[in-house]
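When reading the values below, keep in mind they use all heavy atoms of this one structure, side chains included, and skip hydrogens, waters and symmetry mates. Given the structure is predicted, the values throughout are model-derived calculations rather than measurements.
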Amino acid sequence: MARLQILRYPDPRLYTVARPVAQVDERIRVLVDDMLETMYEAEGVGLAATQVDVHERVIVIDTADAPGSPIVLINPELVVKSAEMMLGDEGCLSVPEIYDKVPRHARVRVRAQDRSGEAREFDAEGLLSVAVQHEMDHLLGKVFVDYLSPLKRSRIKTRMLKKTRDEARA
């Protein structure tokens, strides 16, 4: 397994729309394993392939208190979204140390393929629902800061660019 580099906002590659996975094969399983290693090492609860510069519809999530029960979503789609919304603080491995409130559906039903290519469908609520929606946004070329005001986005962009410059000098 290999730790992958996570793209940082405002990298334009984060705005690439991911294409469907044609076949769940060994290449995709290796990608999933590498994404899981990367997510766990970064102490995240979710990671979309777009965030590691692979523009295919692959997501890994682990919202368990004790990591080790990951959910793998290949070619995910939301088949049901609750009318009820929730507003909670979100963060993102591509926008480190930034958190803000984002409206999300309280419950969703997800259809996707798993790591072995088998179709599955499940209901998600709470943190899992938020994580699924957040990561699916990445597959559509959307970052959570896009939900924020232009002023907040501008400030975050400036902060991320400065952080990247400072790290390059160190």
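Tested against S129 for a side-chain contact (heavy atoms from CB on, under 4.5 Å), the candidates V110, D123, V108 yield a single pass: V108. Of the residues listed (R109, H105, M136, R111), the one engaging L78 in a side-chain contact (heavy atoms from CB on, under 4.5 Å) is M136, and it is the only one.
Residues passing the salt bridge (charged side-chain N to carboxylate O under 4.0 Å, His left out) test with E167, sequence neighbours excluded: R8, K163. In this structure A131 satisfies the side-chain contact (heavy atoms from CB on, under 4.5 Å) test together with I61, T63, sequence neighbours excluded. In this structure D146 satisfies the side-chain contact (heavy atoms from CB on, under 4.5 Å) test together with Y15, K142, V143, R153, sequence neighbours excluded. Partners of R165 according to the salt bridge (charged side-chain N to carboxylate O under 4.0 Å, His left out) rule, which considers only residues two or more places apart in sequence or in another chain, do not exist here. In terms of the side-chain contact (heavy atoms from CB on, under 4.5 Å) criterion, residue partners of N75 (sequence neighbours excluded) are, by chain and number, P20, V21, R57, Q113. With sequence neighbours left out, the side-chain contact (heavy atoms from CB on, under 4.5 Å) criterion links D25 to Q23, R27, I28.
Using a 4.5 Å cut-off between side-chain heavy atoms of Ile, Leu, Val, Met, Phe, Trp and Tyr, with links allowed through other members, L139 and L14 fall into different hydrophobic clusters. The cluster map of Ile, Leu, Val, Met, Phe, Trp and Tyr, joined by side-chain heavy atoms under 4.5 Å apart, puts I6 and I156 in different clusters. One hydrophobic cluster, built from ILVMFWY side chains closer than 4.5 Å, holds both M39 and V72. Using a 4.5 Å cut-off between side-chain heavy atoms of Ile, Leu, Val, Met, Phe, Trp and Tyr, with links allowed through other members, V24 and V52 fall into the same hydrophobic cluster. L4 and I59 are not part of a single hydrophobic cluster, where members link through side-chain heavy atoms under 4.5 Å apart.
Between V145 and D100 the shortest side-chain heavy-atom distance does not fall below 4.5 Å. Within the 4.5 Å cutoff, no side-chain heavy atoms of P70 are placed close to those of V32. A heavy-atom distance below 4.5 Å is found between the side chains of R115 and D33. With a 4.5 Å cut-off on side-chain heavy atoms, F122 and L128 count as touching.
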Run the side-chain contact (heavy atoms from CB on, under 4.5 Å) check on I98 and F144 step by step: do they pass? CA-CA 10 Å; I98 302 292; F144 91 97; 4.2 Å; yes
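Residue E90 comes nearest to H134 through the heavy atom pair OE1-ND1, 2.7 Å, listed as atom of the first residue, atom of the second, then distance. In plain terms, the two heavy atoms of T50 and A18 that are nearest each other are OG1-CB, 4.0 Å. Residues M35 and A48 share a closest heavy-atom pair of CE-C, 3.6 Å. The shortest non-hydrogen separation linking S82 to A106 is OG-N, 3.2 Å. The shortest heavy-atom contact between M160 and P10 is CB-CD, 4.3 Å.
Applying the under-4.5 Å side-chain rule to Ile, Leu, Val, Met, Phe, Trp and Tyr, the cluster around M86 extends to V130. Clustering of Ile, Leu, Val, Met, Phe, Trp and Tyr side chains at separations under 4.5 Å leaves V45 isolated, with no partner residue. Apart from L140 itself, the hydrophobic cluster it occupies contains nothing, where clustering links Ile, Leu, Val, Met, Phe, Trp and Tyr at side-chain heavy-atom distances under 4.5 Å. Taking a 4.5 Å side-chain heavy-atom cut-off between Ile, Leu, Val, Met, Phe, Trp and Tyr, the cluster of V80 extends to V79.
Here the side chain of S94 pairs a donor or acceptor atom with the backbone of L7 at under 3.5 angstrom. E56 places no side-chain N or O within donor-acceptor distance of the main-chain N or O of A49, the cut-off being under 3.5 Å.
Sorted by first and then second residue, the pairs that involve residues 39-54 and meet salt bridge (Lys or Arg N to Asp or Glu O under 4.0 Å), not counting sequence neighbours, are R3-E41, R13-D53. Among residue pairs with one or both ends in residues 125-137, those qualifying as salt bridge (Lys or Arg N to Asp or Glu O under 4.0 Å) are R104-D137; sequence neighbours excluded.
Residue-environment remark: CD (E26) exceeds the threshold of 12 foreign heavy atoms within 6.0 Å.
To the nearest 0.5 Å, the span separating CD1 on I71 from CG on D114 amounts to 11.0 Å.
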